[in-house]
Amino acid sequence: MKSRYDVAVVGAGSAGCVLASRLSEDADREVVLFEAGPDYPSARLPADLADGIHGTSTASHDWGLHGTGVAGGPPLDLPQGRVTGGSSAVNATFALRGHPADYDGWALPGWTFADVLPSFLRLEHDLDFGSSPYHGTDGPVPIRRYRGDERSELTLAMEDAIAEVGIPRIPDHNAPGAVGLSALPVNCVRGVRVSTARAYLDPIRSRPNLTIRATCPIAEVVLRRGRAIGVRSSDGEIIAADEVIVCAGAYHSPALLIRSGIGPAADVAALGRPVTMDLPGVGTNLADHPWVAIDLPCLQPLGDPPLFQVLATARSSRSSAADPPDLQLMVCGPYQLGDGYRCLLAAALLKPASRGEVRLLTLDPIAAPAINLGYFRNPVDIDRMVEGLQLADAAVAHPHLTRITRGSRVAPQQDLVADAVAVRAWIKATATTYHHPVGTCAMGTDPRDGAVVDTSGRVYGVPGLSVVDASILPEPPSANINIPTIMVAEHIATRLRLDTSARPGSVPAA
């Protein structure tokens, strides 16, 4: 095993696998990829991780994190994949980009939608719209939609009901500017989930300049005179590297920085750690997509259809026609529960104004961070969630759907949705995570305004250290975050390949 590398990538998730693959294309660059969980080449992939049609697969490879959604509310499970591929190896395979205004709204040089579109094209092989100029045909991630007889009776009924409440049908959710109702794009082919481990790592495992070290949690970044020079594993081994790229996700990346002495000075000092770099934004600005659902009984399906087949986006009354959609209606089911079958129509808030935080209570790398998602701290969010739930409520009452549900519902009852006070209390009591945390090492132009990394992912004031994952997104996109996170990794990998200061043997600028 090598004792020194040009690049150490910490975390083999949606971003880390991409960076390891793209950076090791340079045969002169020695790359090591660390993953806290196990590594499974496709031939040895457990059945639950291969299954891409029955929802998430977190039971066997999860970090076991918990956090707070609403102040005073019950603790929430916060699943995150602990395996090569990260959460892309356990997710529900939604393959959405978001709206151009998401990226233009960041107002960051090099990150407009026009700037990032080539990176979206680079990652994808769209099996339905590949002839379109805004889709890719040669990327490692296949993307498709369920068509024809793959579509369940529930999907057809839900789609008709949602259309009847005023959400327009559109051909492609990933067309620039698309807002409406259509088949869900997925990175699942022949029932198999295509994680970043499968898409990016499996084809290049034989590269002699790439080392994959699984079941190797990283405790901290090793710093010398303020510069990153490697990492220390949880068992004390130090691995030297000229460049360290942290790809541990929105919960673990800020925790790793703080354990390394990088973060809000008072917080770092309170843990007994010398402060290397005072960056107040580390661990702040946490954003997630909360959701609630109307739970319904339904008929037993014919065969075994995929649970997620159709999706709708919409704008609340608080949004303008130029804004990204801030509401999503997500259909799930049918799934068996006890002796019967259920389905749900969920309403998610895509552009929350509220923010939470990630904090450490101890420097022990085994201890979980303290996570507060901060749902509904800004009152505008609860108002928009009510609108989303009302849209869902109108759809489930439509005859197109009641023939499947027989007019019944489990929760919430319709009279509660109509009660302005009761519905807000119910949302606060039941809202849960959509598993889309972002923002805790936000990208920006000024660390005094909360930025942690610059527009190339480099940590301010710490040469040799970058963060590249969902934590650097300054705001949540109006989409499930797996594909945007892969895009971010592709986008920064291109910059690193072109940047002479990031080549082996050089010292990058801070």
Side-chain angles (χ1 to χ4, degrees), residues 46-60 77 79 90-95 144-165 167 169 173 181-194 291-312 328-348 388-389 391-417 426 430 432 434-435 480:
D48 64 323
L49 298 186
D51 179 6
I53 68 169
H54 294 111
T56 56
S57 303
T58 57
S60 60
D77 294 335
V90 300
N91 68 6
T93 76
F94 288 41
R144 64 180 298 262
R145 294 106 183 129
Y146 296 111
R147 307 286 197 188
D149 59 8
E150 292 179 300
R151 289 156 59 82
S152 66
E153 186 179 9
L154 174 68
T155 293
L156 297 172
M158 281 280 193
E159 190 171 87
D160 289 343
I162 293 169
E164 289 294 331
V165 302
I167 297 181
R169 297 178 190 267
H173 275 295
L181 168 68
S182 187
L184 172 68
V186 295
N187 52 291
C188 175
V189 178
R190 292 184 292 276
V192 177
R193 177 188 290 109
V194 182
W291 67 276
V292 294
I294 299 178
D295 193 4
L296 305 161
C298 64
L299 301 176
Q300 181 175 350
L302 297 174
D304 185 23
L307 291 185
F308 300 101
Q309 299 192 6
V310 66
L311 192 84
Q328 184 190 90
L329 297 185
M330 178 261 288
V331 178
C332 175
Y335 54 90
Q336 190 165 9
L337 189 65
D339 295 331
Y341 284 83
R342 295 274 188 89
C343 63
L344 57 83
L345 181 57
L389 183 63
L391 270 176
D393 185 67
V396 301
H398 197 277
H400 285 306
L401 191 57
T402 56
R403 65 184 175 84
I404 302 291
T405 65
R406 296 173 177 166
S408 300
R409 56 198 291 168
V410 179
Q413 294 306 307
Q414 196 164 23
D415 57 352
L416 183 145
V417 178
W426 181 83
T430 59
T432 191
Y434 209 173
H435 320 308
N480 304 52

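As the structure is a prediction and not an experimental result, all values here were calculated from the model.
Residues Arg169 and Ser182 bring no donor and acceptor atom of their side chains to less than 3.5 Å of each other. A side-chain N or O of Ser152 and one of Thr155 form a donor-acceptor pair less than 3.5 Å apart.
Below 30°, between 30° and 60°, or above 60°: for Phe94 and Tyr434 the angle between ring planes is above 60°, a perpendicular geometry.
Residues Leu389 and Val417 are in side-chain contact: their nearest non-hydrogen atoms beyond the backbone lie under 4.5 Å apart. Between Arg151 and Glu159, the closest side-chain pair of non-hydrogen atoms falls below 4.5 Å. No side-chain heavy atom of Thr405 sits under 4.5 Å from any side-chain heavy atom of Val396. Contact check for Met158 versus Leu345: side-chain heavy atoms found under the 4.5 Å cut-off. Between Gln328 and Asn480, the closest side-chain pair of non-hydrogen atoms falls below 4.5 Å. Using a 4.5 Å heavy-atom cutoff, the side chains of Ser57 and Arg193 are in contact. Side-chain contact between Tyr335 and Leu344 is present, with heavy atoms from C-beta onward closer than 4.5 Å. Within the 4.5 Å cutoff, side-chain heavy atoms of Asp304 are placed close to those of His54.
For the atom pair Leu49 CG and Thr58 OG1, the distance stands at 10.0 Å (nearest 0.5 Å). Taking CZ of Arg406 as the reference point, atom SG of Cys298 lies at 10.0 Å (rounded to 0.5 Å). Separating the CG atom in Leu307 from the CG atom in Leu154 is a distance of 10.0 Å, to the nearest 0.5 Å. A distance of 6.0 Å separates CG of Leu296 from CG of Leu401, quoted to the nearest 0.5 Å.
For Glu150, the CD atom sits in a packed shell: over 12 heavy atoms of surrounding residues, nucleotides or ligands are nearer than 6.0 Å.
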Residues 184-192, side-chain donor-acceptor partners within the protein, below 3.5 Å, at least two apart:
{"from": "Asn187", "atom 1": "ND2", "to": "Val194", "atom 2": "O", "distance (Å)": "2.9"}

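Here Asp295 does not pair with Arg409 in a salt bridge; the nearest charged N to carboxylate O distance is not below 4.0 Å.
Between His173 and Leu311 the shortest heavy-atom distance is NE2-O, 2.8 Å. Between Ala161 and His398 the shortest heavy-atom distance is CB-CB, 4.0 Å. Residue Val331 comes nearest to Val310 through the heavy atom pair CG2-CG1, 3.6 Å, listed as atom of the first residue, atom of the second, then distance. Between Cys343 and Pro297, the closest heavy-atom pair is SG-O, 4.5 Å. The heavy-atom pair separating Leu299 from Arg403 by the smallest distance is CD1-O, 4.2 Å. Heavy atoms only, all atoms of each residue included: Ala157 and Ile404 are closest at CB-CG1, 3.7 Å.
Proximity of a side-chain donor or acceptor of Asp77 to a complementary backbone N or O of Pro79 within less than 3.5 Å is not detected. Judged by distance alone, with hydrogens and angles left aside, the side-chain atoms of Asp51 form a donor-acceptor pair with the main-chain N or O of Ile53 at under 3.5 Å.
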> Under the side-chain contact (heavy atoms from CB on, under 4.5 Å) criterion, do Ile294 and Asp393 qualify, and how do the steps go?
Replying inline: CA-CA 7 Å; Ile294 299 178; Asp393 185 67; 3.9 Å; yes
>> Show, in sequence, the C-alpha distance, side-chain angles and deciding distance for Ser60 and Asp48, and conclude whether the side chain to side chain donor-acceptor pair (under 3.5 Å) test is met.
In response: CA-CA 8 Å; Ser60 60; Asp48 64 323; 2.5 Å; yes
